[in-house]
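Labels below follow one simple rule: chain letters A, B, ... track the order of the sequence lines, proteins then strands, and each chain is numbered from 1. Values reported hereafter were calculated over all heavy atoms of this structure, with side chains retained and with hydrogens, waters and symmetry mates removed.
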2 protein chains.
Amino acid sequence: MSQTARNDQTRRAPTMADVAQVAGVSHQTVSRVLSNHPNVRESTRAEVQRAIEQLGYRRNSSARALVTRRTLALGVVACNPTLFGPSSTMFGLEEAARDEGYMVSSVTLRTYTAPALKDAIDQLSDWGVEGIVVIVPHRAAVGALAELKLPFPVVTVEGGHSLPIAGVSVDQELGARLVTGHLLEAGHRTVWHVAGPPDWLEAGARTQGWRATLEEAGAEVPPPLAGDWTPLSGYRAGQELVGRMTGVGARGGALPVTAVFVANDQMALGVLRAFREAGLSVPGKVAIAGFDDIPEAEFFAPPLTTVRQDFAAVGQASIRMLIDQLESGVVRPDERVVIEPRLIVRGSSTPT
Amino acid sequence: MSQTARNDQTRRAPTMADVAQVAGVSHQTVSRVLSNHPNVRESTRAEVQRAIEQLGYRRNSSARALVTRRTLALGVVACNPTLFGPSSTMFGLEEAARDEGYMVSSVTLRTYTAPALKDAIDQLSDWGVEGIVVIVPHRAAVGALAELKLPFPVVTVEGGHSLPIAGVSVDQELGARLVTGHLLEAGHRTVWHVAGPPDWLEAGARTQGWRATLEEAGAEVPPPLAGDWTPLSGYRAGQELVGRMTGVGARGGALPVTAVFVANDQMALGVLRAFREAGLSVPGKVAIAGFDDIPEAEFFAPPLTTVRQDFAAVGQASIRMLIDQLESGVVRPDERVVIEPRLIVRGSSTPT
DNA sequence: CCGCCCTCTGTGAGCGCTAACAATACCCGG
DNA sequence: CCGGGTATTGTTAGCGCTCACAGAGGGCGG
């Protein structure tokens with residue numbers, strides 16, 4: 001314990017040189033042991049290991065990063081992480097990164113403006129990340145991102161396919177087609193739609209898929225209502241729909257409301273409540289379907305038909321893509337991974 | 001653009017020396033400008049700024065960290081972040097840290113074992129974090145944490161108050177007392193309880209508050225059921241309770257099931273479904289209350305009485321505590337911040 | 001008009017580590 | 001018993017930055 005007689009300065013973390021001294025070797029040998037270099041005699045290796053443990057030595061990551069020019073750090077820019085989708089994605093992403101030996105640090109955006117995004121990215125890059133994943137499915141933000149010309153690889157999640165940035169996404173349009181088709185097949189003359197905020201790419205794609213399906217089936221396309229992903233906004237939209245069903249005479253055309261595709265499960269919950277309060281049974285009077293398959297959806301009243309997205313897979317795919325670009329040194333702005341969603345049919349859309 | 005004639009080696013990020021050369025000053029002056037040192041002539045400062053912009057220079061954080069011995073990095077160890085509470089906490093925490101100029105990187109645990117926790121912390125500290133926040137409200141994990149004797153400050157979130165580690169938490173017991181009291185006041189002879197996993201500290205505290213309230217009121221204490229936080233487990237517990245209400249003759253004592261306090265909102269959703277399926281109206285036949293106040297709770301059928309926790313405040317408080325210890329250099333293992341929860345009464349517990 | 005202080009700028013060292021090379025020891029066939 | 005490899009270890013030179021100190025001007029009181 002009284003290893004180094006002269007080492008009683010202010011307690012400072014032990015350095016490689018300290019370990020070397022204790023083990024009776026050079027600092028370079030310690031380095032070799034640490035990085036598992038083959039050409040180290042077994043006995044020496046053991047000696048060094050012992051010294052490391054005795055001193056509680058830990059390699060200084062800053063010094064290492066300085067000379068190797070690798071920080072092994074990745075950044076994630078995310079929007080409101082209390083939403084189920086983004087937070088699940090981040091979970092999968094973080095796990096995948098850790099498995100590959102990278103650390104990830106995240107910045108969450110308060111607002112979805114271009115300057116906020118730029119700030120976030122600046123912070124991340126000031127901090128030395130080698131690449132970033134941007135989970136900001138927001139039209140303006142993605143546009144701003146494309147113009148930034150960053151000096152490191154970027155991968156977007158749900159960033160749309162129009163811009164030349166590598167990206168991973170779930171096929172939102174397909175998901176919307178699946179639900180809408182399902183509703184149509186159940187015999188509904190048309191399907192109403194409560195959309196997400198228009199500046200969200202996912203919302204746009206879902207609306208798009210819904211509309212296309214109706215048109216292809218020759219069904220009339222009712223005007224979509226809009227929400228902001230929250231249950232409350234869904235509730236309001238639901239009340240609006242209730243008004244169209246029970247109001248004195250249909251306003252405008254007499255397109256019946258018998259099926260509603262809601263752009264996410266949280267809003268669907270609000271819609272459900274609005275119908276319940278109006279005494280309109282689901283699925284008796286109206287069939288409802290959502291999107292996302294949050295863990296609660298199965299237990300709604302009634303259980304919600306919805307579209308399941310594999311968020312963890314999205315996270316993993318994005319990290320893999322990022323690391324791949326990083327380690328190959330090749331930036332592939334056209335790379336795309338599209339993950340297929342799956343229709344989950346439950347009681348809210350089936351007469352049973 | 002053809003600034004440095006000889007600088008056409010492999011494109012490498014510009015260094016402070018490059019900036020200095022372009023601005024016609026020494027690298028030290030550049031450093032001074034960057035760190036806002038007062039003693040720099042205004043014209044010089046402008047010159048340097050221009051050079052910085054022209055070159056797109058960014059200070060190398062590793063080099064800086066190496067010499068200053070400050071990484072300005074904080075770590076967070078979290079459990080399953082798809083749960084509403086933890087992810088909201090992380091959100092608040094990350095924001096607070098960023099405001100203070102720190103970056104945070106997180107590691108999520110797959111399992112709640114002591115080795116997993118140790119691994120996570122090792123990774124974080126290998127990466128040079130200056131302190132960590134541990135959001136692992138798990139009995140075993142917190143115990144393991146206490147024994148680790150880490151060389152940097154640690155703050156726990158919901159880690160209980162028995163161990164000498166600084167911590168922030170919501171007064172879970174108070175929350176449980178509030179709901180249970182509310183139910184008792186509504187005239188119920190007793191209140192049943194669907195608890196969380198027994199090894200979660202929060203679950204224990206909630207059960208504790210529930211039991212104490214019943215005992216103090218002289219009410220009989222029914223055996224608590226247990227769930228695992230998921231809606232499904234709540235559903236199962238709900239079925240069990242339904243069995244006790246409608247079963248042929250009460251098994252054991254005939255303690256009536258007229259009120260249930262469920263340890264979180266997700267499980268309460270499951271319980272709600274079980275009663276609904278059994279044709280038992282809520283709150284007509286049974287009053288139900290949850291805990292957390294997730295955004296969906298207000299839109300359940302019926303809207304759920306619950307206890308609101310200010311997760312963002314928890315995150316902020318924990319970061320403030322951590323940074324405080326960091327910058328003062330004083331570790332305060334006895335420091336505690338307790339945040340009061342609030343009862344939110346909704347339709348699931350009021351006869352209206 | 002000199003010396004002192006204050007403002008501004010430059011020089012040198014070194015943070016803890018890895019990479020490249022140099023050095024040493026050891027083994028083998030001839 | 002010697003030359004040339006191979007395994008193992010040491011030496012040196014930075015990575016890009018900040019800190020401590022040294023130097024160079026300029027203003028001003030005496």
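Between the CG atom of B:L34 and the P atom of D:dC19 there is a distance of 12 Å, given to the nearest Å. In this entry the distance linking NE2 of B:H37 with C1' of C:dC8 reads 9 Å, nearest Å. What separates CG of A:L66 from P of C:dG14 is a distance of 17 Å, to the nearest Å. Atom-to-atom, CD of B:Q28 to P of C:dA13 comes out at 15 Å; the value is rounded to the nearest Å. Taking atom CG of B:N60 as the reference point, atom P of D:dC17 lies 5 Å away to the nearest angstrom.
Considering only the side chain of A:Y57, C:dC17 comes nearest among D:dG16, C:dA13, C:dC17. With distances taken from any side-chain atom of A:R41 to the nucleotides D:dT11, D:dC17, D:dT9, the minimum falls on D:dT9. The side chain of B:S31 lies closest to D:dT18, out of C:dG16, D:dT18, C:dT9. You'll find that the side chain of B:S26 is closest to C:dT11, out of C:dT11, D:dC17, C:dC15. Nearest to the side-chain atoms of A:V67 among the listed nucleotides D:dG16, D:dC15, D:dC17 stands D:dC15.
For B:T44, no side-chain nitrogen or oxygen approaches OP1 or OP2 of C:dC8 to under 4.0 Å. Taking side-chain N and O atoms only, A:R70 has no distance below 4.0 Å to OP1 or OP2 of C:dT18. At D:dC15, none of the side-chain N or O atoms of A:T68 fall inside 4.0 Å of OP1 or OP2 (strictly under the cut-off). Contact between the side-chain N/O atoms of B:R59 and the OP1/OP2 oxygens of D:dT18 is found at a separation under 4.0 Å. Considering only side-chain N and O atoms, A:S62 lies nowhere under 4.0 angstrom from the phosphate OP1 or OP2 of C:dC17. Taking only side-chain nitrogens and oxygens, A:R64 comes nearer than 4.0 Å to OP1 or OP2 of C:dT18. Distances shorter than 4.0 Å separate some side-chain N or O of A:T15 from OP1 or OP2 on C:dC17. Residue A:R12 has no polar side-chain atom (N or O) positioned under 4.0 Å from OP1 or OP2 of C:dC15.
Between A:E53 and A:R50, none of the side-chain N atoms (NZ, or NE/NH1/NH2) sits under 4.0 Å from a carboxylate O, so this pair counts as no salt bridge. Classification of B:R58 and A:D126 as a salt-bridged pair holds, one side-chain N sitting under 4.0 Å from a carboxylate O.
With a 4.5 Å cut-off on side-chain heavy atoms, B:M16 and B:L34 count as touching. At a threshold of 4.5 Å between non-hydrogen side-chain atoms, the residues B:V136 and B:Y112 count as touching. Side-chain contact between B:I121 and B:L145 is present, with heavy atoms from C-beta onward closer than 4.5 Å. A heavy-atom distance below 4.5 Å is found between the side chains of B:M321 and B:V168.
Within 4.0 Å of B:S35, counting heavy atoms only, lies no atom of the nucleic acid at all. Nucleic acid contact for A:R32: base, since at least one base atom lies under 4.0 Å from a heavy atom of the residue. Across all strands, B:N39 comes closer than 4.0 Å to base atoms (heavy-atom distances).
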